[in-house]
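The chains referred to below are lettered A, B, ... by the order of the sequence lines, with proteins before strands, and numbering in each begins at 1.
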2 protein chains.
Amino acid sequence: MPKSSTVNKTPIACTDHNHEHCIEEALIKAEQLCAKRGARLTALRRNVLRLIWKNHAPLGAYDLMDMLAEEDTRRVAPPTVYRSLEFLLDQGLIHRINSLNAYVGCHSPSDDHEEYFLICRECGVAVEVPAKEISRAIDKNAEAMGFTIETQTLEVVGLCPNCK
Amino acid sequence: MPKSSTVNKTPIACTDHNHEHCIEEALIKAEQLCAKRGARLTALRRNVLRLIWKNHAPLGAYDLMDMLAEEDTRRVAPPTVYRSLEFLLDQGLIHRINSLNAYVGCHSPSDDHEEYFLICRECGVAVEVPAKEISRAIDKNAEAMGFTIETQTLEVVGLCPNCK
DNA sequence: TTGGTTGCTGTTATATTATTACGTTTCAGA
DNA sequence: TCTGAAACGTAATAATATAACAGCAACCAA
């Protein structure tokens with residue numbers, strides 16, 4: 001196997017960390033990135049991003065609608081949330097977890113990275129792991145079979161250190 | 001990267017092959033496996049499996065319902081199809097493609113294999129590729145981070161040899 | 001500053017995928 | 001042939017996502 005570029009220790013998401021810091025950092029990075037790109041991080045989009053970062057477990061679109069409703073005393077319709085999600089996905093600020101129909105904040109939105117997810121089936125936490133070597137190997141195999149790769153989705157479900 | 005166990009050539013699914021043979025073989029293997037396990041491959045389940053094997057592109061549950069309706073002049077309700085799909089998944093006779101909400105026949109239902117999918121976004125074909133080494137590497141990394149892995153989902157989308 | 005254009009949000013309706021709950025039938029084994 | 005478990009039928013509904021169109025806000029050029 002490739003020499004692992006992965007740090008071999010418990011992910012921050014699974015430790016007792018200052019999560020306010022995660023949220024704050026994510027929002028600042030998002031502001032900066034959008035400013036740089038001339039993309040508009042509107043109040044709604046910012047709110048959705050903040051709510052997604054509420055914890056390290058992916059949230060569904062309808063969960064987000066409920067959370068928005070709780071905060072604003074005003075119900076938002078599905079297209080509104082889905083449009084925000086689409087924007088955040090396009091900007092690489094969040095990822096979609098296909099196996100959960102849910103969305104989670106991206107840890108390194110600035111670089112064009114390959115990643116995969118370790119998902120705990122008990123507490124729901126989803127840890128983003130760099131997948132550069134694995135990804136490259138898959139690309140190589142695929143090309144040998146005549147495929148041109150555009151996107152990869154690797155989702156791994158199990159138990160996190162806290163839940164086992 | 002690991003020495004590839006993948007055969008480096010165009011997958012059968014992407015060639016002009018005798019697909020009747022694929023279907024027949026899949027059904028025979030299914031019969032044998034179910035017989036061995038004492039599992040009941042009923043007429044309905046067999047039909048669903050046959051329809052899934054209609055081609056090498058994953059089919060949605062409602063597609064299958066439509067196809068059953070066309071053949072039987074009798075509409076089957078969602079739970080009926082979903083129960084058959086659940087059985088076939090349990091028996092390892094089919095796989096679910098999360099990114100498409102669709103189902104595709106398994107090429108080697110008898111062995112407890114790890115696999116991933118190359119999916120063509122143009123023609124829809126989904127090719128099953130053995131992922132033993134990659135899978136093991138992911139397991140190892142995950143364990144180093146304190147995770148215990150139960151299931152892996154790797155789906156790769158791009159263009160097949162015929163569509164590019 | 002105005003007017004036009006573009007992009008964002010609101011709203012209604014509906015599509016798509018999947019499950020719950022309960023009743024009926026079928027079938028293998030006693 | 002009876003019986004219990006498994007499979008299937010049916011109606012209702014949940015969960016996720018999109019289409020289509022209207023109104024509004026922000027930006028830019030004149």
Side-chain angles (χ1 to χ4, degrees), chain A residues 30-31 34-52 57-69 71-91 93-104 124 153 155, chain B residues 30-31 34-52 57-69 71-91 93-104 124 153 155:
Chain A
E31 303 271 18
C34 288
K36 200 170 87 182
R37 293 171 181 165
R40 285 165 61 188
L41 188 64
T42 63
L44 177 66
R45 290 166 175 174
R46 196 177 184 284
N47 263 333
V48 171
L49 181 60
R50 181 174 48 77
L51 291 173
I52 285 179
L59 289 171
Y62 282 74
D63 296 332
L64 291 165
M65 283 172 59
D66 293 344
M67 292 162 84
L68 284 170
E71 294 198 344
D72 284 16
T73 61
R74 175 146 162 289
R75 188 116 210 119
V76 168
T80 302
V81 163
Y82 279 103
R83 281 186 293 231
S84 286
L85 291 172
E86 194 186 2
F87 171 85
L88 297 170
L89 286 168
D90 286 349
Q91 297 298 324
L93 297 170
I94 62 173
H95 296 288
R96 182 174 205 277
I97 309 294
N98 283 321
S99 55
L100 300 175
N101 296 331
Y103 307 83
V104 71
T153 311
E155 297 167 13
Chain B
E31 302 271 19
C34 288
K36 199 171 88 181
R37 292 170 181 166
R40 284 164 62 187
L41 188 65
T42 62
L44 177 66
R45 290 165 174 174
R46 195 176 186 282
N47 263 333
V48 171
L49 182 59
R50 181 173 49 77
L51 291 173
I52 285 179
L59 289 171
Y62 282 72
D63 295 331
L64 290 165
M65 283 172 59
D66 292 344
M67 291 161 84
L68 283 169
E71 293 198 344
D72 284 17
T73 61
R74 175 148 163 288
R75 187 117 208 119
V76 168
T80 303
V81 162
Y82 280 103
R83 280 186 294 231
S84 287
L85 290 172
E86 193 185 2
F87 171 86
L88 296 171
L89 286 168
D90 286 349
Q91 297 298 324
L93 296 169
I94 62 173
H95 295 289
R96 182 173 205 280
I97 308 295
N98 283 322
S99 55
L100 300 174
N101 296 330
Y103 306 84
V104 71
T153 310
E155 296 167 14

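For C:dA28, neither phosphate oxygen OP1 nor OP2 lies less than 4.0 angstrom from any side-chain nitrogen or oxygen of B:Arg40. OP1 or OP2 of D:dA7 lies within a sub-4.0 Å distance of a side-chain N or O belonging to B:Arg45.
C:dT9 atom P lies 15 Å from atom CE of A:Met65, rounded to whole Å. Between A:Leu59 atom CG and D:dT16 atom C1' there is a gap of 15 Å when expressed in whole angstrom units. Here the C1' atom of nucleotide D:dT16 and the CG atom of A:Leu89 are 15 Å apart, to the nearest Å. Rounded to whole Å, atom C1' of D:dA14 lies 11 Å from atom OH of B:Tyr62. Residue A:Arg46 contributes atom CZ, which lies 17 Å from atom P of C:dC8 at whole-angstrom precision. Spacing between atom CG of B:Leu41 and atom P of C:dA28 amounts to 13 Å, rounded to whole angstrom units. For B:Tyr82 and D:dA15, the OH to C1' distance is 11 Å, given to the nearest whole Å. Separating the CG atom of B:Leu85 from the P atom of C:dT19 is a distance of 10 Å, rounded to the nearest angstrom.
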Evaluation steps, side-chain hydrogen bond (donor to acceptor under 3.5 Å, both in side chains), between A:Glu155 and B:Thr153
CA-CA 5 Å; A:Glu155 297 167 13; B:Thr153 310; 5.4 Å; no

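Across all strands, B:Arg75 comes closer than 4.0 Å to no nucleic acid atom at all (heavy-atom distances). Heavy atoms of A:Thr80 sit under 4.0 angstrom from at least one base atom.
Along DNA chain C, the nucleotide nearest to A:Ser84 and the one nearest to A:Pro78 differ in position, and the one closer to the 5' end is contacted by A:Ser84. Residue order along DNA chain D, read from the 5' end via each residue's closest nucleotide, puts B:Val76 first among A:Ala61 and B:Val76.
In the interface, the side chain of B:Arg83 is paired with the base of D:dG9 through a donor and an acceptor atom under 3.5 Å apart.
The side chain of A:Ala77 lies closest to C:dT12 when the candidates are C:dT17, D:dT18, C:dT12. Side chain of B:Leu44, nearest nucleotide from C:dT17, D:dG9, C:dT11: D:dG9. Distance from the side chain of B:Pro79 is smallest to C:dT20 among C:dT12, C:dT20, C:dT9.
Side-chain contact between B:Gln91 and B:Arg45 is absent, with no heavy atoms from C-beta onward closer than 4.5 Å. The shortest side-chain heavy-atom distance between A:Tyr103 and A:Leu89 falls under the 4.5 Å cut-off. Under the 4.5 Å side-chain criterion, counting only non-hydrogen atoms from C-beta, B:Thr80 is not in contact with B:Leu68.
Distance check, rounded to the nearest 0.5 Å: CG of B:Asn101 to OH of B:Tyr62 gives 11.5 Å.
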